[in-house]
Every structure is written in C-alpha cells, then in structure tokens.
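Report on the structure given below.
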Amino acid sequence: MTDTNLLDNRPPPRWIDGQALAARVRAELKRKVQEASERGLTPGLAVVRVGEDPASKSYVGAKVRACAEVGFHSRHISLPATTTEAELLDRIDALNRDPAIHGILVQLPLPPSIDEARVLGAIDPAKDADGFHPLNVGRLLLGLDAPVPCTPKGILRLLDEAGVDLRGKRVVVIGRSNIVGKPVALLLLARDASVAICHSKTADLPEEVRRADVIIAAVGCPALIKPDWIKPGAIIIDVGINRTAAGKLVGDVEPTCFDRATAMTPVPGGVGPMTVAMLLDNTFELFCRGLDYRSTVVEE
Ligand code: NAD
C-alpha cells in the first residue's frame, strides 16, 4: 500500500477492526467480573429464543459463548416455534423475578403469532439488556440514563476508536429500524452531529450519501452503497449482514468504497463483534446498578 491515497494525497484508508476492539472490551469485562466474583457476585444474562430461525440460532450461540468467556452466568432458554405468547410472557416474568439474572434478551424476530411489542414491554426495564423496552427507548430519546441498544452503542465505540470527532459533522444513517437506525441517529445527535435518516422511500439516496462525512449503512441490501456516492475521506460504518448465494457474509457497502474512505468497518469483523460485546457491557452495567426504573422515573 502507498503512503498516500491516489485520489487526493490523503493518508491511505484503514479498516476499523471491530474484532480487536470487542476482544479488548471482553478482556476488560473479564477482569471486572473476576473482581466481583471475589465478593461472591456474578452477573447473569438470560437469552430467550423462540423457533428455529438459523440466523437467530447463530447469534444466540455467539452471545452465550461470549458470556462464558467473560465469566457471566448465562441461561439460554430455547423454546419451540409453537410457544404461545402467554407461555413466553410467563418465562419473562420468572426471569424478571430471578435474582441471579441481571439482563434479559429476547432474540428477534419472534414468530408472527407473538406480539413483539408486548413481549419487549414485559421485560423489567431494569433488566433490559437490549434497551428495547419502551421506557428505556423514551429515556434514550430524552437523553436520560438508560441501557443503550447494543448495535448503536457498538457503532459509537467504533467511531471513537477511529478517532472521529462527530461535532458538527454531517452523518447519514441509512435505515430507520427501531434496533439500529433510529437509536443510532439519537446517539449521534447527542454527540452534536447533524444527522439525516434515509430509508426505502428516500428520493435521492446517492445525493444524501454524497453530502455525508460519516455514513452508517443499516439496510440489509448487499452492496447497495456505491463508490461514486462516497465523499472522499468519509468514514463508513457498514452494519449490514447479508449472506450471498455462495454462503459468504457481505455488508451493505460495496467493498471498493474503502478506497475513497478515511476508515471503514469490514464485514464480517466490524459491527457484529461489537454488538455482542456491548450486550455484555450492558448486562454488566445493569448488574452494577440494580436500578429500579419504575420507582425512579417518576422523580425525574
Ligand atoms: P430492517 O429490515 O428492520 O430495516 C431496514 C431499513 O432499511 C428500513 O428502515 C428500510 O426503510 C431501509 N431500506 C430498505 N431498502 C432500502 C433502500 N433501497 N434504500 C434505503 N433504505 C432502504 O433492518 P435492521 O434490523 O435495522 O438491520 C439492517 C441490517 O443490519 C441487516 O442486514 C441486519 O442483518 C444488519 N444488522 C447487523 C447487526 C450487527 O450486529 N452487525 C445488528 C443488527 C442488524
């Protein structure tokens, strides 16, 4: 690789290594968990999965393995696709009351017969490891302390790792889902970025992307973002996880966009490992705080 970028004498682009950053986060958590265990305390995470979705199985497997690595107590509850909403709510209720469990995660998507909003709303907000409970979503919107959804939290850590000062920067977020697009836009706004949120009905996506200093692609469409859309020197965070017919994992950003960027996350090895690391981080925070939002929110 040359010392400068052929486009305009900029330093060569670099990859933002999510794998390495996530390993550092896990190592730091492992140290803290050891300290807690010397006082007889162990953080506990329950991961609930319903049905046989292969991607969900693989994500849950990674989360349970990560728990073991850092020394968390983890409980993996795997329920058949025939599970009723009432049965799932009973399981959540039991976990809410279980003192060994500090964080609860229900892997999405749920089977269509189950009301996702009702299930997420049944998790004790003080054990809400994903930050998807409506109370915590509201708290995030208002800038109050709350568990931050894992993928958006990981994206912010990756931007910090890349040394990006977000203040006054134009950021485009492509995708407006409740789990990535909307919460990451709120976090970026809280860091004083000027944020545009684009989606499937955006009139001229290439033009929106061309204006951006920082691009967050969270769509689920392989190679949607093209090199000629990238402002030279932009920072690119590729959240997309798409599996090709050949079984290869690819992002939402065409890989050659890297050549025009200052820094970019790879797929795999970028946002994915950070999502899992932030789940552990959230669970550890909930373990430390033991907050009961239902009693504190009224006073604020
Ligand atoms: P989603 O399906 O809920 O939302 C997709 C969004 O993309 C929607 O808001 C939609 O309006 C928008 N969109 C669709 N087509 C578009 C187009 N042509 N132009 C512009 N916008 C378009 O998806 P999600 O759950 O937010 O996930 C998005 C992607 O991120 C998926 O590939 C998913 O697998 C991945 N993901 C990765 C991680 C991770 O840890 N790396 C975590 C969550 C999601």
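Start at 1 and go down the list; that is how both ligands and their atoms are numbered.
- Looking only at distances, no side-chain donor or acceptor of Asn282 sits under 3.5 Å from a matching main-chain atom of Pro147.
- For the atom pair NE2 (His133) and CZ (Arg139), the distance works out to 11.5 Å, reported to the nearest 0.5 Å.
- Between Phe287 and His102, the angle of the ring planes goes over 60°, which puts this pair in the perpendicular group of the 30/60° scheme.
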Quick check on ligand 1: any N or O pairs to the protein under 3.5 Å? One line per pair.
from	atom 1	to	atom 2	distance (Å)
ligand 1	9 (O)	Arg176	N	2.8
ligand 1	11 (O)	Ser200	N	3.1
ligand 1	11 (O)	Ser200	OG	3.3
ligand 1	21 (N)	His199	O	3.4
ligand 1	21 (N)	Ser200	N	3.3
ligand 1	26 (O)	Ser177	OG	2.5
ligand 1	32 (O)	Ile241	N	3.0
ligand 1	32 (O)	Ile241	O	3.3
ligand 1	40 (O)	Thr275	OG1	2.7
ligand 1	41 (N)	Val239	O	3.4

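- With rounding to the nearest 0.5 Å, the separation of CD in Glu285 from CE in Met278 is 9.0 Å.
- Judged by distance alone, with hydrogens and angles left aside, the side-chain atoms of Arg49 form no donor-acceptor pair with the main-chain N or O of Ser78 at under 3.5 Å.
- For the pair Ile225 and Ile236, the minimum side-chain heavy-atom distance is 4.5 Å or more.
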